[in-house]
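Below you'll find the structure, written out as structure tokens, and then a few comments.
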Amino acid sequence: MVDLTDIRRITADLPRSYEVLVRDRIKFRVGQIVYLAVAPDEQTIGLGFPREERAAALEAEPGKFLPPRPSDERYQWIELNLAAVEYDELRELILDAWALCVPKKVRAAYFGD
């Protein structure tokens with residue numbers, strides 16, 4: 001199972017990304033935009049996810065993806081059960097969430113586009 005150490009390893013070299021602690025939740029931000037939040041029990045995370053793809057992901061993999069809290073439904077956000085993902089998939093989801101928050105030129109420079 002992936003854990004907080006894996007999350008920190010993935011986010012460590014992302015440009016403009018930094019970690020903060022807010023109300024017992026570890027959050028990763030770009031500027032003031034949160035793109036990843038770790039639950040206090042470290043069993044789930046919330047992360048940036050395209051709103052138009054959320055319903056399909058929830059329906060396709062209900063054991064992996066969980067709906068966001070009602071207060072977060074208006075955002076591009078989804079919850080993820082860490083026990084249901086492998087490292088490579090977690091890395092891809094985190095990179096996608098980060099890419100939603102950074103300027104296009106930063107994203108292009110990181111991915112080599």
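All figures in this text were calculated on a predicted structure; none of them were measured in a lab.
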Legend entry - Side chain to side chain, E53 and Q76, heavy atoms closer than 4.5 Å: no
Inset, instruction - Calculate, to the nearest 0.5 Å, the distance between atoms CG and CZ belonging to D96 and R107 respectively. - result: 10.0 Å
Legend entry - Atom pair CZ/OH of R69 and Y75 - distance to nearest 0.5 Å: 10.0 Å
Inset, instruction - Test I45 against every option in I7, I26, I78 by the side chain to side chain contact (heavy atoms under 4.5 Å, CB included) rule and name the one that passes. - result: I7
Inset, instruction - Flag the pair R8 / F28 as yes when at least one side-chain heavy-atom distance between them is below 4.5 Å, and no otherwise. - result: yes
Legend entry - Spacing of CZ belonging to R25 relative to CG belonging to L36, to within rounding of 0.5 Å: 9.5 Å
Legend entry - Residue pair P68 / W77: nearest heavy atoms and the distance that separates them: CG-O, 3.6 Å
Inset, instruction - Kindly check if the number of other-residue, nucleotide or ligand heavy atoms within 6.0 Å of CG (D24) is above 12? - result: no
Inset, instruction - Determine whether more than 12 heavy atoms belonging to other residues, nucleotides or ligands lie under 6.0 Å from atom CZ of R91. - result: no
Inset, instruction - Following the transitive rule for hydrophobic clusters with a side-chain heavy-atom cut-off under 4.5 Å over Ile, Leu, Val, Met, Phe, Trp and Tyr, establish whether V106 and I94 coincide in one cluster. - result: yes
Legend entry - Heavy-atom pair with the smallest gap, counting every atom of A37 and K27: CB-CG, 4.0 Å
Legend entry - Crowding at CD, E52 (>12 non-hydrogen neighbours, <6.0 Å): yes
Inset, instruction - Examine V85 and Y87 and state if one hydrophobic cluster contains both, with Ile, Leu, Val, Met, Phe, Trp and Tyr joined whenever side-chain heavy atoms are less than 4.5 Å apart. - result: yes
Inset, instruction - To the nearest 0.5 angstrom, please state how far the CD1 atom of I10 sits from the CG atom of L90. - result: 4.0 Å
Inset, instruction - Find out whether R29 and V34 are in side-chain contact, i.e. whether some heavy atom of one side chain is under 4.5 Å from a heavy atom of the other. - result: yes
Legend entry - Any T11 side-chain heavy atom under 4.5 Å of Y18 side chain: no
Inset, instruction - Might you point out which heavy atoms bring L93 and L47 nearest each other, and give the distance in Å? - result: O-CD1, 3.4 Å
Inset, instruction - Kindly compute the distance separating CD (E86) from CD (E92), expressed to the nearest 0.5 Å. - result: 13.5 Å
Inset, instruction - Evaluate the side-chain proximity of L100 to Y35: yes if any heavy-atom separation is below 4.5 Å, no if none is. - result: no
Inset, instruction - Measure across A84 and G63 and return the closest heavy-atom pair with its distance rounded to 0.1 Å. - result: CB-O, 3.7 Å
Legend entry - Mutual orientation of the aromatic rings belonging to W98 and F111 [parallel < 30°, tilted 30-60°, perpendicular > 60°]: perpendicular
Legend entry - Sub-4.5 Å side-chain heavy-atom contact between L14 and L95: yes
Inset, instruction - For D6 and R9, indicate whether the former's side chain and the latter's backbone hold a donor-acceptor pair under 3.5 Å. - result: no
Legend entry - Heavy-atom pair with the smallest gap, counting every atom of V38 and L4: CG2-CD1, 4.0 Å
Legend entry - Min side-chain heavy-atom separation C101-R16 under 4.5 Å: no
Legend entry - Gap between atom NZ of K64 and atom CG of L58 - 0.5 Å precision: 12.0 Å
Legend entry - Test item: P67 and E79 side chains (from C-beta on) under 4.5 Å apart, heavy atoms: no
